[in-house]
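Data first, discussion second: the structure below is written as structure tokens.
To find a chain, count down the sequence lines: A is the first, B the second, and so on, and within it residues start at 1.
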Number of protein chains: 2
Amino acid sequence: MENGRKKPTLKDVAALSGVSVISASRVINNAPNVSRTLREKVEKAAATLGYQRNRIAGSLRGKATELIAVIVPSMSNHVFPQIVDGIDDALKGSKLQLVLGMTKYEEMGEESILRELLTWNPAGVILSGLEHSENTKAMLSQFNGPIVEVMDSDGDAIDMAVGVSMEEAGKSIAQHLVSLGYQRIAYVGAWGERPKRSLKRRLAFEAELARLGQPILTSIILDEQSSLHVGASGMQQLLERKLKPDAVFFANDDLALGALFFCQSKNLSVPTDIALAGYNGLDMCQLISPRLTTIATPRYDMGRIAGEISRKVILDEERPKQLVHKLDVQLIAGETT
Amino acid sequence: MENGRKKPTLKDVAALSGVSVISASRVINNAPNVSRTLREKVEKAAATLGYQRNRIAGSLRGKATELIAVIVPSMSNHVFPQIVDGIDDALKGSKLQLVLGMTKYEEMGEESILRELLTWNPAGVILSGLEHSENTKAMLSQFNGPIVEVMDSDGDAIDMAVGVSMEEAGKSIAQHLVSLGYQRIAYVGAWGERPKRSLKRRLAFEAELARLGQPILTSIILDEQSSLHVGASGMQQLLERKLKPDAVFFANDDLALGALFFCQSKNLSVPTDIALAGYNGLDMCQLISPRLTTIATPRYDMGRIAGEISRKVILDEERPKQLVHKLDVQLIAGETT
DNA sequence: AGATATATTGGTAACGTTACCATTCGTTAT
DNA sequence: ATAACGAATGGTAACGTTACCAATATATCT
């Protein structure tokens with residue numbers, strides 16, 4: 001901290017070792033055709049000076065930076081951290097580094113974060129969902145490098161996408177609930193349904209219910225961020241209705257868990273009095289009792305694959321054949337339905 | 001994507017608007033003393049060309065980058081995502097942007113990630129814990145800019161720190177368990193106790209137990225990463241002993257929850273047959289039944305304060321008076337003890 | 001009016017690195 | 001022996017921006 005002398009540069013290393021700057025650069029970058037003696041001289045000087053390369057300067061001269069811009073809504077849930085974890089694992093060992101931006105689910109969030117992150121001239125961009133503002137799309141269309149959209153596979157990618165089908169997910173949970181004989185089925189969402197993929201999932205859910213002759217009883221979209229508390233509050237709202245539902249599908253497991261705990265605290269029996277289903281398939285939902293019915297999504301893998309795709313395109317110049325990489329969701333029939 | 005023409009630069013903007021490059025720069029940076037006409041000309045040209053500033057170039061010439069390097073162990077738990085969330089919130093609105101690296105709890109992880117991140121010439125560094133390798137410390141001592149260590153407040157900061165006292169935490173849970181009359185108290189940790197702060201907490205816990213005349217029965221340190229499953233497996237190991245514990249303190253809530261679910265699945269009554277306590281105070285632990293006894297840590301706030309400190313030092317040139325910012329932990333006496 | 005301050009604009013150099021081209025020197029092929 | 005080649009090294013310019021200083025225009029003061 002706060003020490004006066006400034007960082008040694010390649011020039012200093014070159015001067016100390018008595019070679020040219022460019023030769024020093026070759027050693028630092030493990031370029032071919034460098035003699036052993038040169039290498040040793042430079043490495044010794046670099047060690048003596050405590051030289052650290054400055055990639056800012058390097059990436060100004062070279063074409064690309066080695067930064068990957070990742071834009072996610074938030075870290076306050078269980079989904080995106082795992083995606084980021086997957087991306088990072090895929091990038092490990094390469095020179096690529098993650099720059100992270102969060103939109104906090106704000107309307108203009110993605111757009112302004114993207115604008116910020118693009119000023120760092122990243123080599124690739126990873127963002128979530130397939131729906132974006134016009135300005136976001138415009139900025140991305142100017143962007144040279146891989147753009148990977150994670151989460152959703154229902155639609156066209158700007159460049160490439162890795163995700164699961166929201167429609168299949170909504171449909172399969174509808175079929176599950178109807179097949180078990182539930183007749184007054186409700187839905188609870190959060191975040192004001194700003195991530196459009198949850199809207200897609202709900203619409204598919206409602207459409208399938210209607211097709212099966214059990215149209216949705218009601219859908220409540222809460223404006224707050226998803227949490228156990230909000231799930232409980234959604235549940236409470238439903239229970240205050242005259243015509244109470246006998247099954248509820250929640251936009252995610254956090255909401256469903258909150259509802260489950262709420263029901264337990266009110267001595268309601270799940271699923272006898274009311275059935276509950278979630279979305280995501282968080283680990284813990286299979287350890288509690290009753291085990292939550294939910295849809296497992298491959299969060300870590302979506303991140304990992306998005307990272308791998310980016311890495312391949314940037315470093316190996318190899319583009320995947322399929323632009324939309326669809327992964328499978330899996331209905332986990334637990335004990336809450 | 002992949003469109004041939006290269007990005008417009010300030011030079012292009014200047015040429016189109018008929019002013020000098022430096023004047024265009026002034027407009028883009030909202031510098032003072034720029035006439036309205038000049039501003040309008042440049043802004044129009046910038047909009048026409050779709051100009052995006054290149055901060056890589058800017059931060060090469062200028063002194064600082066406006067990147068904050070954040071190094072955390074992993075995103076696969078509930079602790080660090082919340083810290084990152086806090087940091088990001090504190091940085092919102094400023095020009096500072098987060099570059100994220102993860103060590104995956106590997107021995108040399110922090111060191112190599114830091115080396116990587118420093119090549120981006122960040123304006124500040126945020127990392128976790130107060131224990132670091134010699135090389136890490138050496139690199140940081142060369143670093144010009146705020147260094148904030150989060151999580152732990154027991155010890156000396158390299159530069160500044162925001163955290164809670166591991167010793168207080170270990171001590172208070174020991175007192176809690178002994179005061180309730182437990183006599184065969186055990187401990188379960190994970191990650192091979194690589195984050196040294198968990199070791200500190202355990203040692204304080206064991207020391208306090210000894211002081212109170214109830215020395216620890218056994219401490220099991222598992223090598224795997226913390227998870228519900230690992231907690232269950234630790235619990236299982238303890239139950240296979242001849243002398244079974246009557247209370248167990250876990251290194252975190254994930255482990256404790258896993259153990260709780262495991263006990264429930266074995267029809268053991270908690271806390272009658274066995275008492276359980278965790279560490280972190282995750283939301284959901286207070287919603288399940290029985291509510292978990294745990295120690296609440298201000299995760300989001302640690303991140304937020306670390307972010308605010310960094311921001312202040314970097315942008316306002318104002319250093320906080322206290323170098324180690326200690327936040328309070330809170331024992332939550334739940335129903336599992 | 002002349003002097004002085006202030007607002008506005010421009011020119012040049014530099015940040016630290018790497019791409020590109022040039023040079024030297026030894027080695028192999030003819 | 002000469003040509004042709006490749007390995008090893010060096011020189012120069014450039015990446016896009018901003019710091020610094022200089023120059024001009026305009027406003028204010030005595």
Side-chain angles (χ1 to χ4, degrees), chain A residues 5-43 45-46 49-67 95 116 118-123 142 144, chain B residues 5-43 45-46 49-67 95 116 118-123 142 144:
Chain A
R5 69 211 150 120
K6 56 185 189 186
K7 279 201 195 171
T9 71
L10 261 187
K11 210 166 158 184
D12 302 322
V13 174
L16 181 60
S17 51
V19 303
S20 70
V21 178
I22 185 69
S23 292
S25 169
R26 288 204 185 93
V27 172
I28 300 294
N29 290 289
N30 285 315
N33 302 340
V34 172
S35 72
R36 172 181 293 272
T37 46
L38 178 71
R39 153 153 282 120
E40 280 166 1
K41 273 191 290 187
V42 172
E43 277 173 352
L49 293 173
Y51 172 72
Q52 287 173 202
R53 66 193 287 221
N54 180 340
R55 257 149 127 177
I56 294 286
S59 45
L60 175 57
R61 183 60 180 98
K63 43 212 77 178
T65 57
E66 287 156 335
L67 293 170
K95 290 292 165 195
E116 278 300 305
L118 285 181
T119 65
W120 292 107
N121 205 16
Q142 298 267 88
N144 268 296
Chain B
R5 70 209 148 119
K6 57 184 187 182
K7 280 200 196 170
T9 70
L10 261 188
K11 210 167 157 182
D12 302 323
V13 174
L16 181 61
S17 50
V19 303
S20 71
V21 179
I22 184 68
S23 291
S25 168
R26 289 206 185 91
V27 172
I28 299 295
N29 290 288
N30 285 313
N33 301 339
V34 171
S35 71
R36 169 180 296 272
T37 45
L38 178 70
R39 152 152 283 119
E40 279 166 0
K41 272 192 289 188
V42 173
E43 277 173 351
L49 293 173
Y51 171 74
Q52 288 173 200
R53 67 192 287 222
N54 180 341
R55 259 151 125 175
I56 294 287
S59 43
L60 177 56
R61 185 61 180 97
K63 43 212 78 178
T65 42
E66 291 168 339
L67 289 170
K95 290 291 166 194
E116 278 301 304
L118 285 181
T119 65
W120 292 107
N121 206 15
Q142 299 267 89
N144 269 297

**Request:** Report yes or no: do Arg53(A) and Asn121(B) form a side-chain donor-acceptor pair below 3.5 Å?
**Result:** no
**Prompt:** Atom OH of Tyr51(B) and atom P of dG16(D): how far apart are they, to the nearest Å?
**Reply:** 10 Å
**Request:** Mark yes or no for whether Ser17(A), through its side chain, and Val13(A), through its backbone, hold a donor-acceptor pair below 3.5 Å.
**Result:** yes
**Prompt:** Thr119(B) and Gln52(A): side-chain contact (heavy atoms from CB on, under 4.5 Å), yes or no, with the steps?
**Reply:** CA-CA 7 Å; Thr119(B) 65; Gln52(A) 287 173 202; 5.6 Å; no
**Request:** Mind calculating the distance between CG (Asp12(B)) and P (dC15(D)) to the nearest angstrom?
**Result:** 11 Å
**Request:** Output yes when at least one side-chain N/O atom of Ser35(A) is less than 4.0 Å from OP1 or OP2 of dT9(D), else no.
**Result:** yes
**Message:** Using the salt bridge (Lys or Arg N to Asp or Glu O under 4.0 Å) criterion, which residues pair with Glu116(A)? Sequence neighbours excluded.
**Reply:** Arg55(B), Lys95(B)
**Request:** Using whole Å, report how far CG of Asn54(A) lies from C1' of dA14(C).
**Result:** 14 Å
**Request:** Compare side-chain N and O positions of Ser20(B) against OP1 and OP2 of dG10(C) and report whether any pair is under 4.0 Å apart.
**Result:** yes
**Request:** First locate atom OG of Ser23(A), then atom CG of Asn33(A), and finally report the distance between them rounded to the nearest 0.5 Å.
**Result:** 11.5 Å
**Fill in**
When rounded to the nearest 0.5 Å, the distance separating CH2 of Trp120(A) from OG of Ser59(A) is 10.0 Å
**Message:** What verdict does the side-chain contact (heavy atoms from CB on, under 4.5 Å) test give for Thr9(B) and Asn54(B), after you've listed the backbone C-alpha separation in whole Å, the side-chain angles of each residue and the deciding distance to 0.1 Å?
**Reply:** CA-CA 8 Å; Thr9(B) 70; Asn54(B) 180 341; over 6 Å; no
**Message:** Expressed as a whole number of angstroms, how long is the span from Leu60(A):CG to dA14(C):P?
**Reply:** 17 Å
**Asked** When the distance from CD1 of Ile56(A) to C1' of dT18(D) is rounded to whole Å, what number comes out?
**Response** 15 Å
**Message:** In this structure, how many angstroms lie between the C1' atom of dT24(C) and the CG atom of Leu38(A), rounded?
**Reply:** 15 Å
**Prompt:** Please give, in whole Å, the distance from dG10(C) P to Lys11(B) NZ?
**Reply:** 16 Å
**Asked** What integer distance in Å separates Arg53(B):CZ from dC15(D):C1'?
**Response** 17 Å
**Prompt:** Quick one: on DNA chain C, does Arg36(B) or Ala57(B) contact a more 5' nucleotide (nearest heavy atom)?
**Reply:** Arg36(B)
**Asked** OP1 or OP2 of dA13(D) sitting under 4.0 Å from any side-chain N/O of Arg61(A)?
**Response** no
**Interface with DNA chain D, restricted to residues 22-33 of chain A and to heavy atoms under 4.0 Å** = Ile22(A), Ser23(A), Arg26(A), Asn33(A)
